[in-house]
Student: 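Pasting a structure here, questions to come.
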Number of protein chains: 2
Amino acid sequence: MQQPNPVLSALGDAGKRLTIARRAVAEAITEQAGHFTAEDVLAASRLRRRAVARATVFRSLDLLVDLGLVERVDLPSGDHAYVACEPDAHHHHVVCSACGRSVEVGELGLRPILERIESSTGFAIDSHRLELFGLCPECRATAASKRSA
Amino acid sequence: MQQPNPVLSALGDAGKRLTIARRAVAEAITEQAGHFTAEDVLAASRLRRRAVARATVFRSLDLLVDLGLVERVDLPSGDHAYVACEPDAHHHHVVCSACGRSVEVGELGLRPILERIESSTGFAIDSHRLELFGLCPECRATAASKRSA
DNA sequence: CGCTAGATGAGACTGAATCGCAACTAGACG
DNA sequence: CGTCTAGTTGCGATTCAGTCTCATCTAGCG
Ligand SMILES: [Zn+2]
Ligand SMILES: [Zn+2]
Ligand SMILES: [Zn+2]
Ligand SMILES: [Zn+2]
């Protein structure tokens, strides 16, 4: 059961060392259901045989962000969180405001809107962030059953 | 020249006190070209006859955010900034990545995209944030002339 | 003018994130 | 296998945005 963690193999492909610390961070991340904070990763690593230093957690997360394996999200609360995601494809995240689960979505027709904005403002838009928040199907069901009780 | 600062009159309408500190913050904000940080406001207030305490700057900004006169933006750099904006209308901001200037844009057809996302993910989306970054017309012109030189 | 709820200032405090540097190690090479 | 070295890490000190507490102050209303 040498299940190769996708995060680890991507690290390898990028010519980065596969250190103990990075393995621990990678594992901590892949076991997160939705978004997570640096602190979550730190806490998860402490539950393992070898704890990772705080600074290293941040360094690893930065690295993973550079590689596009993880993305930063700013929650409406103002907290900084991360989401694991597919590299190499521009996309956005829909985050459940109850449980934190997140799924990726593509552009789905945003392009024409961007063009409209460019022509109406005169800006040359070169990047954008779309963050969507709401209830995931599960939490929606839970909320509905609670309401009917 | 009793030019009533729009921020101040909105504060009055909301039944909030028009204190010296709030005037100073309001002035500091209206003289900002684009986005600004809490620290910017603090610095600006220090240049005036009466400096405003750090805590008060944050309290005032929070208040203005509640009133919808100012909005928080998370810059790609990760910094937290604010943008002055029109209250009472859902809109988004296009921010110049060179000079920080920002303009507001409406939905411009985002609604159908949200619906598409809802049906494809099963999420019930109740809020979203769209932040656009690029070069404003002026900075674009500057960049172009520099390039041709 | 005097009262009081609401607002402020000052500075201690918190906790996330960064830094500097000596010690460590992954992986290449022979 | 050993050796070597650039890339990593741990640790502790540090920074820095943002929050909190509480005594003092004041805007706005009689
Ligand atoms: Zn959920
Ligand atoms: Zn997009
Ligand atoms: Zn500009
Ligand atoms: Zn919108």
Side-chain angles (χ1 to χ4, degrees), chain A residues 4-5 7-28 35-46 48-67 70-82, chain B residues 4-5 7-29 35-46 48-67 69-82:
Chain A
N5 184 313
V7 177
L8 288 181
S9 39
L11 271 177
D13 293 352
K16 301 293 174 180
R17 285 197 193 166
L18 295 185
T19 64
I20 311 261
R22 286 181 184 160
R23 281 172 211 279
V25 171
E27 282 167 27
H35 57 156
F36 54 87
T37 64
E39 225 56 36
D40 290 338
V41 176
L42 187 55
S45 92
R46 284 206 244 264
R48 308 181 157 277
R49 69 183 76 163
R50 179 89 123 88
V52 178
R54 173 185 299 277
T56 303
V57 168
F58 282 97
R59 286 187 282 233
S60 306
L61 285 173
D62 285 351
L63 177 59
L64 296 181
V65 168
D66 284 349
L67 297 181
V70 144
E71 217 163 87
R72 257 185 102 129
V73 213
D74 293 292
L75 304 182
S77 70
D79 291 344
H80 292 165
Y82 297 84
Chain B
N5 185 312
V7 177
L8 288 182
S9 40
L11 272 176
D13 293 353
K16 301 294 175 178
R17 286 197 192 168
L18 294 185
T19 65
I20 309 262
R22 285 182 184 157
R23 281 173 211 278
V25 171
E27 283 167 27
I29 287 175
H35 56 156
F36 54 88
T37 64
E39 225 57 32
D40 291 338
V41 175
L42 187 54
S45 92
R46 284 205 246 262
R48 310 183 156 274
R49 68 182 79 164
R50 179 89 123 89
V52 178
R54 172 184 300 276
T56 304
V57 168
F58 281 97
R59 286 187 284 234
S60 307
L61 286 173
D62 284 351
L63 177 59
L64 296 181
V65 168
D66 284 349
L67 297 181
L69 294 163
V70 143
E71 215 163 90
R72 257 183 101 130
V73 212
D74 294 293
L75 304 182
S77 70
D79 291 345
H80 291 164
Y82 297 84

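Within every chain, numbering begins at 1; the chains are lettered A, B, ... in the order of the sequence lines, protein sequences first and strands thereafter.
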Student: Specify the residue among A:Arg50 and B:Arg17 whose closest nucleotide of DNA chain D lies further upstream toward the 5′ end.
Tutor: A:Arg50
Student: Quick one: the side chain of A:Arg59 and the base of D:dG10, do they pair up donor-acceptor inside 3.5 Å?
Tutor: yes
Student: Between B:Thr19 and A:Val52, just flag the one whose closest nucleotide in DNA chain D comes earlier from the 5' side.
Tutor: A:Val52
Student: Between the side chains of B:His80 and A:His80, is a donor N or O closer than 3.5 angstrom to an acceptor N or O?
Tutor: yes
Student: For the pair made of CZ in A:Phe58 and P in D:dT15, what is the distance, rounded to whole Å?
Tutor: 18 Å
Student: Donor-acceptor pair, distance only, cut-off 3.5 Å: does the side chain of A:Ser45 make one with the backbone of A:Ala51?
Tutor: no
Student: Within the distance-only criterion (no hydrogens, no angle test), does the side chain of A:Asp66 pair as donor or acceptor with the backbone N or O of A:Leu63 below 3.5 angstrom?
Tutor: no
Student: State whether the side chain of A:Thr56 and the backbone N or O of A:Val52 hold a donor-acceptor pair below 3.5 Å, judged by distance alone.
Tutor: no
Student: Under 4.0 Å between any heavy atoms, over every strand shown, what does A:Arg54 touch: base, sugar-phosphate, or nothing? Just pick one.
Tutor: base
Student: To the nearest 0.5 Å, what is the distance between CG on B:Asp13 and CG on B:Leu67?
Tutor: 9.5 Å
Student: Looking only at atom types and distance, does a side-chain atom of B:Arg22 sit under 3.5 Å from a main-chain N or O of B:Arg17, one as donor and one as acceptor?
Tutor: yes
Student: When the distance from CG of B:Asp62 to C1' of D:dC20 is rounded to whole Å, what number comes out?
Tutor: 13 Å
Student: Does anything in residues 35-46 of chain B come within less than 4.0 Å of DNA chain C? Heavy atoms only, and list the residues if so.
Tutor: none
Student: So what does A:Ala24 hit on the nucleic acid, given a heavy-atom distance under 4.0 Å: a base, only sugar-phosphate, or nothing?
Tutor: nothing
Student: Which whole-number value in Å describes the distance from A:Arg23 CZ to C:dT25 P?
Tutor: 14 Å
Student: Tell me: CG of B:Asp79 to C1' of C:dA16, nearest whole Å?
Tutor: 14 Å
Student: Round to the nearest Å and state the distance from B:Leu11 atom CG to C:dA7 atom C1'.
Tutor: 12 Å
Student: Could you tell me the separation between the CG atom of B:Leu75 and the P atom of D:dA17, rounded to a whole number of Å?
Tutor: 14 Å
Student: Please state how far atom NE2 in B:His80 lies from atom C1' in D:dT19, giving the value in whole angstrom units.
Tutor: 15 Å
Student: Whole angstroms only, please: what is the CD1-P distance between A:Ile20 and C:dG27?
Tutor: 10 Å
Student: Take the angle between the ring planes of A:Phe36 and A:Tyr82 and call it parallel below 30°, perpendicular above 60°, tilted in between.
Tutor: parallel
